[in-house]
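Proteins come first, then strands; the chains are lettered A, B, ... in the order of their sequence lines, and each starts at number 1.
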There are 4 protein chains.
Amino acid sequence: MINTDSHRRQRRKDARPAELAAAALALFVEKGFAATRLDDVASRAGVSKGTLYLYFDSKEALFRAVIEESIVPMIGEVEAMVEQFKDDPAHLLRSLLVFWWERIGSTSLAGTCKLMLCEAGNFPEVAVYLNERVIGPWHMLLNKVIEAGMQKGVFRQGNPESVRQMVFSPLLLQSVWQCSLHMCSGARPMPDNYFDTFFDVLFRGLLVEPTEESQR
Amino acid sequence: MINTDSHRRQRRKDARPAELAAAALALFVEKGFAATRLDDVASRAGVSKGTLYLYFDSKEALFRAVIEESIVPMIGEVEAMVEQFKDDPAHLLRSLLVFWWERIGSTSLAGTCKLMLCEAGNFPEVAVYLNERVIGPWHMLLNKVIEAGMQKGVFRQGNPESVRQMVFSPLLLQSVWQCSLHMCSGARPMPDNYFDTFFDVLFRGLLVEPTEESQR
Amino acid sequence: MINTDSHRRQRRKDARPAELAAAALALFVEKGFAATRLDDVASRAGVSKGTLYLYFDSKEALFRAVIEESIVPMIGEVEAMVEQFKDDPAHLLRSLLVFWWERIGSTSLAGTCKLMLCEAGNFPEVAVYLNERVIGPWHMLLNKVIEAGMQKGVFRQGNPESVRQMVFSPLLLQSVWQCSLHMCSGARPMPDNYFDTFFDVLFRGLLVEPTEESQR
Amino acid sequence: MINTDSHRRQRRKDARPAELAAAALALFVEKGFAATRLDDVASRAGVSKGTLYLYFDSKEALFRAVIEESIVPMIGEVEAMVEQFKDDPAHLLRSLLVFWWERIGSTSLAGTCKLMLCEAGNFPEVAVYLNERVIGPWHMLLNKVIEAGMQKGVFRQGNPESVRQMVFSPLLLQSVWQCSLHMCSGARPMPDNYFDTFFDVLFRGLLVEPTEESQR
DNA sequence: CATGAATGAGGTTTCATTCAT
DNA sequence: CATGAATGAAACCTCATTCAT
């Protein structure tokens, strides 16, 4: 006969590390790494402080694990975007940005972005790793799309790096901002027509021959 | 005859608080508030740990003083921008952004931006104060210019908040990024044609009747 | 089967605060509050410095707890004396004084008396509290007995406050003195006939019609 | 021609150590030795902190000097009392106690009494010295008077130590008490008839043949 | 596995002491 | 002489880490 309790406990046990990492992420994002006490992580996860050490060797290991756990899905998401590469540069660029927002910018992974922005200086190897595996590929992907659009004569000529920052900065900053200032600006959600205006202005500025459709 | 030594010491004493605050700012920006040791602040400023307490009551007071010292010039800069308000919305907007970059984004005040982004959660009152005195007015100023442009029929219709983020996020993020990742991305300066492309695309997208000149 | 070790540890944990407070009291009495290092308190209690902070929020909280723990039994003792109130003023007064000496003056609570005498100026609220709950009631009790004796014509007329100091000061000072000068006067115990002479002279001076018995 | 300013300054300079010691005494009595900051001593004396070190080698030296300055007059007072030794034991004892109260107990020397009671443990050599030069002689003096009275058959028989404590404790404790609890019991002055009652009861209890006069 | 009492290294803070002016 | 800015040893206090239960 199968012991249901044991089942639940098993599931509980397997999920532990992820629960702990989630609690840690939330607090690291809120307070920063150094200002977060393991006591608080433990009590937020509903376990005792000692339990953390059953799953992570040290506070720093916990941090790395938290980042690691976020980086893996990020890599997945970026790779998934690369797969979707198609022929219409404008449509592709828009898709990539929407995709990023939906899969990263508006999810809990946004916290990881803030965390890296703030803690990169204290964990250089982590920053380098992240740069190599996530940020670099993602920038390269955007660059490729932008350059392809320019070469095809669909996008106007210009410095692709500059264009990349134009199209991506608003999304990234918005997602980081929401992590940081949730307490003072009231964490209002983005208005529906935010993206409409964004893409409207963006593509009218970017396209050689803007059409109404291409800006939707 | 004037005693030179006494002069030097006097100047030294008067300059002390600012020197200490500068050292503290640099380290707070680099490591974050909690991860910065007062030992390090002191030795970077070339004084002993105890000396800090001659000028600041506590580590937190030092932080507030550091922010305060940055906020005052920021307020000044923002107010100076308000004064320059003129009639040509496109030219004005461009001027404001260039002004911001030259007076804030590319100066040591950029560090304060990063600091607030990272530490706002740990110093809510400071964040609120900053929001009221600097961020809010600055956003309002940009919004007013954008809305005026739209009402005059110079800018195309759209969500002004969205436009504001489009035009400002790249600058802000760039300046924060340079504070954070100086170690891994090598702190390369912005390329000359960065702003050219930025404004070219931006104003072509924004203006109802774009002309070559208006985009310069 | 009962786990003895667990029992011991449990007992240990429950007893900790009292053990720590006892160690602290001893050192506070010996050196004074400010001159006592928490290191010393900890090592006298056989624990590490950090352990103190598991039970008390700060050095000052430790002080308050130490006093608190002494005040409660003092209140109990004073209330117990009030209960014993009977009819023969001379006998009652003698009983009260003997009781005070046996339950307070010659016990470890004497240290608390010295502590308050020395530290009252640094902890005014504690002094006020002690005054309201212990010293005041005790003085009132003595006063009542003395005044009752005078009204009944058993004691000679006079200023009751003055009489109270006459009868109580020698005991209080003796107990404080023994806390203070244990090192230089060798902490000799009080001689057996100390009280005999004390009460003999006291009651002969106090009673309207002194008899041999009444002075025993 | 005599420079008046120089005169005043001279007097000022000569008086400096005494002024500093007075400021120190006041604070040592109020807060205790360890809790008193030299900053406070200096500012109470109206000088800078460094000036203290022109007159005293260290904080401890200051303490010793403060005690020393008090002990010398005490010794003088006690010796003056010894000189007045006369034939009527009751009158003599009363004179000694009144003398002590007027010259020590009710003066600023009372603070020194409190100080020694509280700090004796932290300065054993000072305590020993004080014991040898002041406390011992004073106790011996009282003892001699009491024993003489007993041998002459003027005082009733009993333990002279006990009698000494009876007659002296109320005065000593009263003077210390006024130093300690000035803040909570309002520092009310002793009532006029305090001594009347005190001596009335005391000598009626002490004398073999009490008379009305002898108790005045 | 999980706990939480205990630890002690390391941070912040205080303050007696020094010294150039 | 007098000052007060500067120092650094030593205090208080925190919290990541360990380990007996």
Side-chain angles (χ1 to χ4, degrees), chain A residues 9-10 12-13 16 34-43 46-62, chain B residues 3-10 12-14 16 34-42 46-62, chain C residues 3-10 12-14 16 34-42 46-62, chain D residues 9-10 12-13 16 34-43 46-62:
Chain A
R9 178 172 269 240
Q10 189 59 35
R12 190 73 195 277
K13 180 190 135 196
R16 264 291 148 78
T36 296
R37 280 167 296 172
L38 291 188
D39 270 316
D40 292 344
V41 174
S43 67
V47 301
S48 75
K49 196 168 33 167
T51 300
L52 285 172
Y53 283 84
L54 296 175
Y55 297 97
F56 306 97
D57 286 343
S58 67
K59 191 185 184 187
E60 190 169 329
L62 175 59
Chain B
N3 184 333
T4 313
D5 248 11
S6 159
H7 260 202
R8 201 180 309 137
R9 174 168 268 243
Q10 190 58 33
R12 195 76 194 276
K13 185 196 146 197
D14 292 348
R16 265 291 144 78
T36 297
R37 281 165 299 169
L38 292 186
D39 271 320
D40 292 344
V41 174
V47 300
S48 76
K49 205 171 18 170
T51 300
L52 286 172
Y53 284 86
L54 294 177
Y55 298 96
F56 306 98
D57 285 342
S58 67
K59 191 185 183 185
E60 189 169 330
L62 175 59
Chain C
N3 184 334
T4 313
D5 249 12
S6 159
H7 260 200
R8 201 181 309 136
R9 174 166 267 242
Q10 189 59 34
R12 195 75 193 278
K13 186 196 144 197
D14 293 347
R16 264 292 142 77
T36 297
R37 281 167 300 171
L38 291 187
D39 271 320
D40 293 343
V41 174
V47 301
S48 77
K49 203 174 16 170
T51 300
L52 285 172
Y53 285 86
L54 294 177
Y55 298 97
F56 305 98
D57 285 342
S58 66
K59 192 184 183 186
E60 188 169 328
L62 175 59
Chain D
R9 179 173 269 242
Q10 189 60 35
R12 190 72 194 278
K13 181 190 135 195
R16 264 292 149 79
T36 296
R37 279 166 297 171
L38 291 188
D39 270 315
D40 293 344
V41 174
S43 67
V47 301
S48 75
K49 196 168 32 164
T51 300
L52 285 173
Y53 283 84
L54 296 175
Y55 298 96
F56 305 98
D57 285 342
S58 68
K59 191 185 183 186
E60 190 169 329
L62 175 59

Handout entry: First of C:E60 and B:T51 reached from the 5' end of DNA chain F, by closest nucleotide
Key = B:T51
Exercise for the section: Calculate the interatomic distance between B:K59 atom NZ and E:dT14 atom C1'; express it in whole Å. Expected result: 17 Å
Problem - Residue closer to the 5' end of DNA chain E, B:G50 versus C:K49 (nearest nucleotide) - result: C:K49
Completion exercise
The reported gap from OG in A:S43 to CG in A:L38 (rounded to nearest 0.5 angstrom) is 10.5 Å
Exercise for the section: Would you mind reading off the distance between A:D40 atom CG and F:dT14 atom C1', rounded to a whole angstrom? Expected result: 12 Å
Exercise for the section: Among the candidates F:dA2, E:dA6, F:dA6, find the nucleotide nearest to the side-chain atoms of B:Y55. Expected result: F:dA6
Problem - Atom CG of D:D39: over 12 foreign heavy atoms under 6.0 Å - result: yes
Practice task
Could you work out which one of E:dT17, F:dT7, F:dC13 sits closest to the side chain of C:Y53?
Solution key: F:dC13
Fill in the blank from the handout: Taking every heavy atom of C:L62 against every heavy atom of C:V41, the minimum-distance pair comes out as CD2-CG1, 4.4 Å
Practice task
Could you state the atom-to-atom distance from CG of B:D57 to C1' of E:dT14 in whole Å?
Solution key: 12 Å
Fill in the blank from the handout: Between B:T36 and D:T36, the residue closer to the 5' end of DNA chain E by nearest nucleotide is B:T36
Exercise for the section: Kindly indicate whether the side chain of C:R16, heavy atoms from C-beta on, has any atom under 4.5 Å from the side chain of C:V47. Expected result: yes
Exercise for the section: Check C:A34 against C:K59 and note the closest heavy-atom contact, atom names and distance. Expected result: O-NZ, 3.6 Å
Handout entry: 5'-most by nearest nucleotide on DNA chain F - C:D39 or A:A35
Key = C:D39
Practice task
Write down the distance between CG (A:L52) and P (E:dC1), rounded to a whole number of angstrom.
Solution key: 15 Å
Practice task
Check the distance between F:dC13's P and C:F56's CZ and give it to me in whole angstrom.
Solution key: 13 Å
Practice task
Can you tell me the distance, in whole Å, between the CG atom of A:L54 and the P atom of F:dT17?
Solution key: 14 Å
Handout entry: Pairing partner (Watson-Crick or G-U wobble, both distances under 3.5 angstrom) of F:dC13
Key = E:dG10
Handout entry: Pair partner, E:dC19 [Watson-Crick or wobble, under 3.5 Å]
Key = F:dG4
Practice task
Write down the distance between CG (B:L62) and P (E:dG11), rounded to a whole number of angstrom.
Solution key: 16 Å
Handout entry: Selected nucleotide, minimal atom distance to A:R37 side chain, candidates F:dA2, F:dT7, F:dA16
Key = F:dA16
Exercise for the section: Tell me whether the OP1 or OP2 atom of F:dC1 has a side-chain N or O from D:R16 closer than 4.0 Å. Expected result: no
Practice task
Just call it for B:L38: base, sugar-phosphate, or nothing, with non-hydrogen atoms closer than 4.0 Å on any strand.
Solution key: sugar-phosphate
